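This report refers to the structure that appears directly beneath it.
This one's a predicted model, so the numbers in the text were calculated from it and none came from an experiment. Hydrogens, waters and symmetry mates are skipped; everything else that's a heavy atom, side chains included, is used.
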Amino acid sequence: MKKGKGLKRSMRVVVTGGAGFIGSRLVGALLDRGEEVLVIDDLSTGKVDKVPYGAKLYAFPAEAEETAELIASFRPEVVFHLAAQVGMGSSMRKPVEDGRSNVLGTLRVLEGCRESASKLVFSSTSGVYGGTSGSRLLRETSVKRPSSPYGLSKWAAEQYIQHAARWWGIRFTILRYANVYGPGQTAKGEGGVVACFLERQARGMPLIIHGDGEQGRDFVHVDDVVRANLAAIDSGEGEICNIGTAAATSINELASLFERLGRVSPGRIYESGRPGDARLSRLCPRKAEAVLGWRPAKTLEEGIAELLSVSTRTHRLQL
């Protein structure tokens, strides 16, 4: 995307969900590259102060008609679609709202991309695979057995995207994330287990574990996820790629890591398991490496150590 000799022209980019945990981090990285960034976020979970300076925010949901109209008029080269209802528990309680956000929201984005000829980079989830037994790695071709409305709605959105490529020639890359964690994630609502552990340990409260704690999760750092999105701008045309580490860590092992690195043991409380919770999720990243040139760079221990360091400094400042 050059303009003149040696000069790079800024891209126009739309990020739905750009006021959220992953989206705001992606917006910051795009601005650092010198791109022109427009954010669409209804602020139901995202925050205005998370949107980096330099991006323009439009506060309405992805499923609104305005989403398609704005994308069509702005004519971005790339649309990163991260806006979604992401809670497995919320989807079990309110499946209609889950479908409205994740399926209808994706259709609105596709309408806009059809008019603007934009490439779509879609944030999907390991939830499309559902639970597994044994230690088998999940590959992009593995059987899809969503165990919650959330995983099912994301799987349906993927199908619409792939069909839209055939119907309207829309270019796309689909990224299926493992369990994303990192700076800026909150423990409120459907916050990830890492954020929940971080908050409770900082307060000296016991860590809450659902079920027996032996369920395995593939934890990938948010900065690695952002790199995968950036790689998908010029790569992965028409492809679906897992964004994970191939390693499974049990929730009990995660709790032990927090206790060891934080040098404190606030105790643990075991509560009943949650419906739809997968027993094991471990993503094979080989295709992402081959197609996007991406591989995870940060280990879970490195990531948790950094989070605990920041949390400790923040807690001291508040005292």
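Pro296 pairs in a side-chain contact (heavy atoms from CB on, under 4.5 Å) with only one of the listed residues (Asp218, Asp224, Val225), which is Asp224. With Glu77 as the fixed residue, the side chain to side chain donor-acceptor pair (under 3.5 Å) test singles out one of Arg9, Lys119, Arg12: Arg9.
Remark: the backbone N or O of Pro61 is paired with a side-chain donor or acceptor of Thr67 at under 3.5 angstrom. The closest donor-acceptor contact from the side chain of Glu115 to the backbone of Ala68 lies at 3.5 Å or more, if one exists at all. With Asp42 contributing its side chain and Ser44 its backbone, the two residues share a donor-acceptor pair below 3.5 Å. Side-chain atoms of Ser309 never come within 3.5 Å of backbone atoms of Ala305 as a donor-acceptor pair (strictly under, hydrogens ignored). Using a distance-only test at 3.5 Å, with no hydrogens or angles considered, a donor-acceptor pair links the side chain of Arg227 to the main chain of Arg295.
Of all heavy-atom pairs between Ala165 and Phe172, the closest is CB-CE2, 3.6 Å. Annotation for Val14 and Pro76: closest pair CG2-CG, 3.8 Å, computed over non-hydrogen atoms. When all heavy atoms of Ser153 and Asn102 are compared, the closest pair comes out as OG-ND2, 2.9 Å. Contact detail for Val291 and Ser235: the closest heavy-atom pair is O-CB, 3.7 Å. In this structure, Phe197 and Ile208 approach most closely via the heavy-atom pair CE1-O, 3.4 Å. Closest approach of Gly18 to Val51, counting heavy atoms only: O-CG2, 4.1 Å.
Taking the six-membered ring for Trp and thresholds of 30 and 60 degrees, Tyr160 and Trp167 have ring planes more than 60 degrees apart, a perpendicular arrangement.
A donor-acceptor contact closer than 3.5 angstrom links the side chains of Gln85 and Asp98. Counted by atom type alone, Ser10 and Glu35 present zero donor-acceptor pairs between their side chains at under 3.5 Å. A side-chain donor-acceptor contact under 3.5 Å links His81 and Thr106. A side-chain donor from one of Ser256 and Arg268 sits under 3.5 Å from a side-chain acceptor of the other. Asn252 and Ser250 are not linked by any side-chain donor-acceptor pair at a separation below 3.5 angstrom, with hydrogens and angles left out of the test.
Screening residues 48-65 for salt bridge (charged side-chain N to carboxylate O under 4.0 Å, His left out), with sequence neighbours left out, gives no hits. Sorted pairs that involve residues 14-48 and meet ring pair (Phe, Tyr, Trp, His ring centres under 6.0 Å), not counting sequence neighbours, are lacking altogether.
Residues Ile304 and Tyr181 have side chains in contact (heavy-atom distance under 4.5 Å, counting atoms from C-beta outward). Side-chain contact between Arg279 and Glu214 is present, with at least one heavy-atom pair separated by less than 4.5 Å. With contacts defined as side-chain heavy-atom distances shorter than 4.5 Å, the pair Leu175/Ser123 does not qualify. Taking 4.5 Å as the limit, every side-chain heavy atom of Pro285 sits out of range of all side-chain heavy atoms of Ile243. Side-chain atoms of Asn229 and Thr173, non-hydrogen and from C-beta on, never get closer than 4.5 Å to each other. The shortest distance between side-chain heavy atoms of Glu301 and Leu261 falls below 4.5 Å. No side-chain heavy atom of Tyr58 sits less than 4.5 Å from a side-chain heavy atom of Asp41. With contacts defined as side-chain heavy-atom distances shorter than 4.5 Å, the pair Phe80/Thr16 does not qualify.
Expressed to the nearest 0.5 Å, how far OG1 of Thr125 lies from CD of Glu158 amounts to 9.0 Å. Between the CG atom in Leu198 and the CZ atom in Arg203 there is a gap of 11.0 Å [rounded to 0.5 Å].
Around the CZ atom of Arg200, the shell of radius 6.0 Å holds more than 12 heavy atoms that belong to other residues, nucleotides or ligands.
Residue Leu257 is not grouped with residue Met205 when hydrophobic side chains (ILVMFWY) are merged at heavy-atom distances under 4.5 angstrom, including chains of intermediate members. Residues Ile174 and Tyr150 fall into different hydrophobic clusters, defined by Ile, Leu, Val, Met, Phe, Trp and Tyr side chains chained together at heavy-atom separations under 4.5 Å. Leu57 is connected to Leu26 through a chain of hydrophobic side-chain contacts under 4.5 Å among Ile, Leu, Val, Met, Phe, Trp and Tyr, so both are in one cluster. Grouping the Ile, Leu, Val, Met, Phe, Trp and Tyr side chains by contacts below 4.5 angstrom, directly or via other members, places Val79 with Val103.
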**Request:** Assess whether side chain to side chain contact (heavy atoms under 4.5 Å, CB included) is satisfied between Ile209 and Glu271, documenting all intermediate values.
**Result:** CA-CA 6 Å; Ile209 296 174; Glu271 297 185 348; over 6 Å; no
**Request:** Evaluate the side chain to side chain contact (heavy atoms under 4.5 Å, CB included) criterion for residues Phe60 and Leu70: first the C-alpha distance (whole Å), next the side-chain angles of each, then the deciding distance (0.1 Å), finally the verdict.
**Result:** CA-CA 11 Å; Phe60 46 75; Leu70 191 57; 3.7 Å; yes
**Asked** Between Glu97 and Arg100, is a salt bridge (Lys or Arg N to Asp or Glu O under 4.0 Å) present by the stated rule, with each step listed?
**Response** CA-CA 5 Å; Glu97 291 184 11; Arg100 181 184 300 116; 5.1 Å; no
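At least one test fails for Arg145 against the ring of Tyr129: distance under 6.0 Å to the centre or angle within 45° of the axis.
Arg176 has no carboxylate O lying under 4.0 Å from a charged side-chain N of Glu140, or vice versa, which leaves the two without a salt bridge.
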